[in-house]
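To start, the structure under review is shown below, and the notes come after it.
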Amino acid sequence: MNNQTNRSLELSDEIPAEENFIEQAEYIDRQKFVHLAAEHPHESEIMKKLMGGGAKLLIGPRGCGKSTLMRKAYFKLIDDRSAKTIAIYVNFKLALKMEPYYVKGPNATYWFRAWLILKIFRALSEAILEYGDLKVPDSFPSESRIDSIISALEANSAQGEQVENYTAFFLNKIIDDLISQNGLRRCVLLIDDAAHSFSEKQQEDFFDLFREIKSKNVSPKAAIYPGITSHSANFHVGHDAEQIDAWVKPTGEQYEEFMLSLARKRFEGTGTDVVTGNEEDIKFLAYSAFGIPRGFLSMLRTIFNSPESYMSSSGKLNKTKLLKLSRMGRDMSHAVYDSLTAKLPSYETYVENGSVIYQEILVQIKSYNQGKELEKQGTQFAIKSPMGADLEKIFGFLQYSGLIMSSGTILKGEKGSFAHFQVHIGDLTAENILVGSRTKSIKSFLTVIRAPKHQAWPRLTSVSLLEAAGVSTDDFILALPTCHACGTPRSNPDAKFCSNCGIQLKPSSTYEELVKRDISALPITSKMEKRIKEHSNIRRVRDILMDADRKTLLGIPYIGKFRAQTILGHAEEYVS
């Protein structure tokens, strides 16, 4: 992966208006957020569902805009008093902090549920502050009390008597009283980064609580990921909650206008007009981002930070450099996929073999496109159903990372049904899978991408794909945690002592392993990493997370408010 392309924090003074290119909605203040957010092609339909009654699941890969939609719904409900709705926005991004409970002792569900409920109470107190004129039930806990228990829970030091009253029943009772005392109709509970933890048991516990909280007065909405989300045995998508797709399909005029609007808003007021006169180039970058605004914004920020490198004196963008820049979107998705090795160590062989299989899919599409006219080249593939549990798991990881997008099921008569997928356009352009041996140009790529979709594409089977990739079903092995002393894999899941060195084995916590990683694991430049280490005691990811008020980061040369927040955001993303 090209670090110069992917890593965007450069060692220089912060540029005015650089905050325009913040990628994560939760790190933008309300006034700026409202101004910068572009309208999703299906926004009115999605907003209606997020702001209305009923339980909903907003699904999409990292960076596709789920948080933006959630926060839009939150602010709209706050401003629209005629809706008579109390909106709560809560982010469970750091749910993995509670994962050690699941590996160190009993009653993990008890502690985790308490943490979830207390986080909702904290968000509810913030919502009450936003509304400003609501009557608050007498039994509502104080912010200081809530914060102290959350801190104790996250430090693994909470006592049973501290949390015993914080139940789903108590939360619903408070919300019911709040609605009754203020003449409201309902509460819309917007849960961002829900089921974010990679611990399947944590996810199942979340969905059990989700079902329990849902009532005639409380309409929960949760943002989740494709491919990795584990619902509980009692939770059924469609029956317990309607699923809403947040991932914008990278095709058509609506998509182009959405991304152009996003670019215009972000460059507005910066003194740099990149969009005017370069619409086709910006649209090409938008397609290369594959419907993921976060990747698109990274490309725009790179241009903004170095206009002299990408723009001529006449304001035109350099086509050769744009083709290289277009790789950034796919690099981000590959980085998310590669991070699964650390976050799901037991699935290491699945992640590694998945990379090989994905590359083979690209090879198959390239072979299919050879010799075809531009308008008849393919960007999709289909695989015969059922594909098998191992391959299904890998395809789930690829969807979570934003490398493939499901297009539903295709029926081909006697040939059976096929699961249909779109492949990341950034990979198709970067790896010469589109256009072929012809002279590469943005115009030729757009011709292929914009061509009417036809009914022909590579049709694969699980067997043919695995054989072509050189992968056997025996290669998919669930790895056991290693010994903390000598690194030897455990002989069995219940082993108490290492079979190699004999030392007593410690419980394995993914969260604790992630926070111990050196900050070089984060997407910051090597120069920034060196500067941080030279001017502070920050060495590990944990150190950044512990610097909650960012005083240490702000004391480092060339790190201001925006950059400190961005670095903290990278650390939170890494452990979530």
Side-chain angles (χ1 to χ4, degrees), residues 45-60 66-67 69-71 73-74 76-78 83-93 95 98 109-110 112-128 137 139-141 163 165-182 184-197 200-226 229-246:
E45 178 186 345
I46 294 174
M47 284 297 109
K48 184 177 180 180
K49 292 180 178 181
L50 289 180
M51 295 168 64
K56 313 292 180 186
L57 299 177
L58 188 66
I59 190 168
K66 298 186 299 297
S67 295
L69 292 167
M70 283 267 177
R71 291 183 67 77
Y74 177 59
K76 283 178 180 288
L77 284 170
I78 287 174
K84 293 188 176 297
T85 299
I86 173 77
I88 307 172
Y89 172 85
V90 58
N91 193 301
F92 286 158
K93 174 179 289 186
M98 299 299 292
T109 298
Y110 173 77
F112 182 52
R113 282 172 63 97
W115 181 82
L116 293 173
I117 290 166
L118 282 157
K119 291 284 283 186
I120 295 172
F121 267 116
R122 187 67 181 85
L124 177 54
S125 67
E126 292 173 1
I128 290 171
S139 54
F140 196 95
V163 303
N165 292 325
Y166 295 98
T167 63
F169 176 82
F170 179 52
L171 173 64
N172 281 77
K173 177 66 166 59
I174 289 288
I175 293 174
D176 288 346
D177 290 346
L178 190 66
I179 289 172
S180 175
Q181 292 176 22
N182 292 279
L184 303 174
R185 293 174 183 164
R186 71 167 64 93
C187 166
V188 166
L189 175 56
L190 299 156
I191 307 171
D192 204 358
D193 285 319
H196 200 292
S197 166
E200 290 187 5
K201 186 64 174 75
Q202 270 185 273
Q203 292 186 18
E204 291 169 5
D205 287 342
F206 165 77
F207 281 108
D208 281 338
L209 181 64
F210 184 91
R211 287 182 74 249
E212 198 172 334
I213 289 173
K214 184 177 69 171
S215 69
K216 66 175 183 178
N217 284 336
V218 181
S219 300
K221 327 283 181 174
I224 63 172
Y225 293 105
T229 302
S230 298
H231 305 103
S232 70
N234 298 319
F235 190 93
H236 304 283
V237 176
H239 176 74
D240 290 306
E242 177 189 358
Q243 192 161 284
I244 308 168
D245 194 354

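Numbers for residues simply follow the sequence, beginning at 1.
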Determine whether a donor-acceptor pair (N or O, by modelled atom type, separation under 3.5 Å) exists between the side chain of [X] and the backbone of [Y].
X    : Y    : answer
K221 : G53  : yes
K66  : G60  : yes
D193 : F92  : no
N182 : L184 : no

Under 30°, 30 to 60°, or over 60°: which ring-plane class applies to F210 and F206, parallel, tilted or perpendicular?
tilted
So, using salt bridge (Lys or Arg N to Asp or Glu O under 4.0 Å) as the criterion, who are the partners of K84 when residues are at least two apart?
none
Would you check, one step at a time, whether the test side chain to side chain contact (heavy atoms under 4.5 Å, CB included) holds for I120 with I213?
CA-CA 11 Å; I120 295 172; I213 289 173; 3.9 Å; yes
Side chain to side chain contact (heavy atoms under 4.5 Å, CB included) involving [X] - partner list, sequence neighbours excluded:
X    : value
N217 : D176, I179, S215
A83  : L77, D80, T85
K201 : Y102, T109, S199, E204, D205
R122 : S125, E126, E143, I146, D147, I150

Determine the minimum heavy-atom distance between [X] and [Y], stating which atoms define it.
X    : Y    : value
R186 : S219 : CD-OG, 3.9 Å
A222 : A194 : CB-CB, 3.6 Å
A127 : A87  : CB-O, 3.2 Å

Do the side chains of [Y] and [X] get nearer than 4.5 Å, heavy atoms only?
X    : Y    : answer
M51  : V188 : no
T229 : I59  : no
I175 : L124 : yes

With side chain to side chain contact (heavy atoms under 4.5 Å, CB included) as the criterion, how do L209 and I117 come out once you've worked through the C-alpha distance, each side chain's angles and the decisive distance to 0.1 Å?
CA-CA 9 Å; L209 181 64; I117 290 166; 4.1 Å; yes
Set of residues satisfying ring pair (Phe, Tyr, Trp, His ring centres under 6.0 Å) with respect to Y110, sequence neighbours excluded:
none
Measuring from atom [atom1] of [X] to atom [atom2] of [Y], what distance do you get when rounded to the nearest 0.5 angstrom?
X    : Y    : atom1 : atom2 : value
N91  : R71  : CG    : CZ    : 9.0 Å
I174 : F169 : CD1   : CZ    : 10.5 Å
F140 : I128 : CZ    : CD1   : 4.0 Å
Y89  : S67  : OH    : OG    : 4.5 Å
I88  : F121 : CD1   : CZ    : 9.0 Å
L69  : D192 : CG    : CG    : 10.0 Å

For K214, is the NZ atom crowded, meaning more than 12 foreign heavy atoms sit under 6.0 Å from it?
yes
What donor-acceptor contacts under 3.5 angstrom involve side-chain atoms of residues 237-245, with partners at least two apart or in another chain?
from, atom 1, to, atom 2, distance (Å)
D240, OD1, R211, NE, 3.3
D240, OD2, H236, N, 2.7
E242, OE1, K56, NZ, 2.7
E242, OE2, K49, NZ, 2.7
D245, OD1, W247, N, 3.1

Using the side-chain hydrogen bond (donor to acceptor under 3.5 Å, both in side chains) criterion, which residues pair with R113? Sequence neighbours excluded.
E212
Taking side-chain hydrogen bond (donor to acceptor under 3.5 Å, both in side chains) as the definition, give me every residue that meets it alongside D208, ordered by chain and number, with sequence neighbours left out.
S232
Might you work through the side chain to side chain contact (heavy atoms under 4.5 Å, CB included) test for I46 and L58, ending with a clear yes or no?
CA-CA 9 Å; I46 294 174; L58 188 66; 4.2 Å; yes
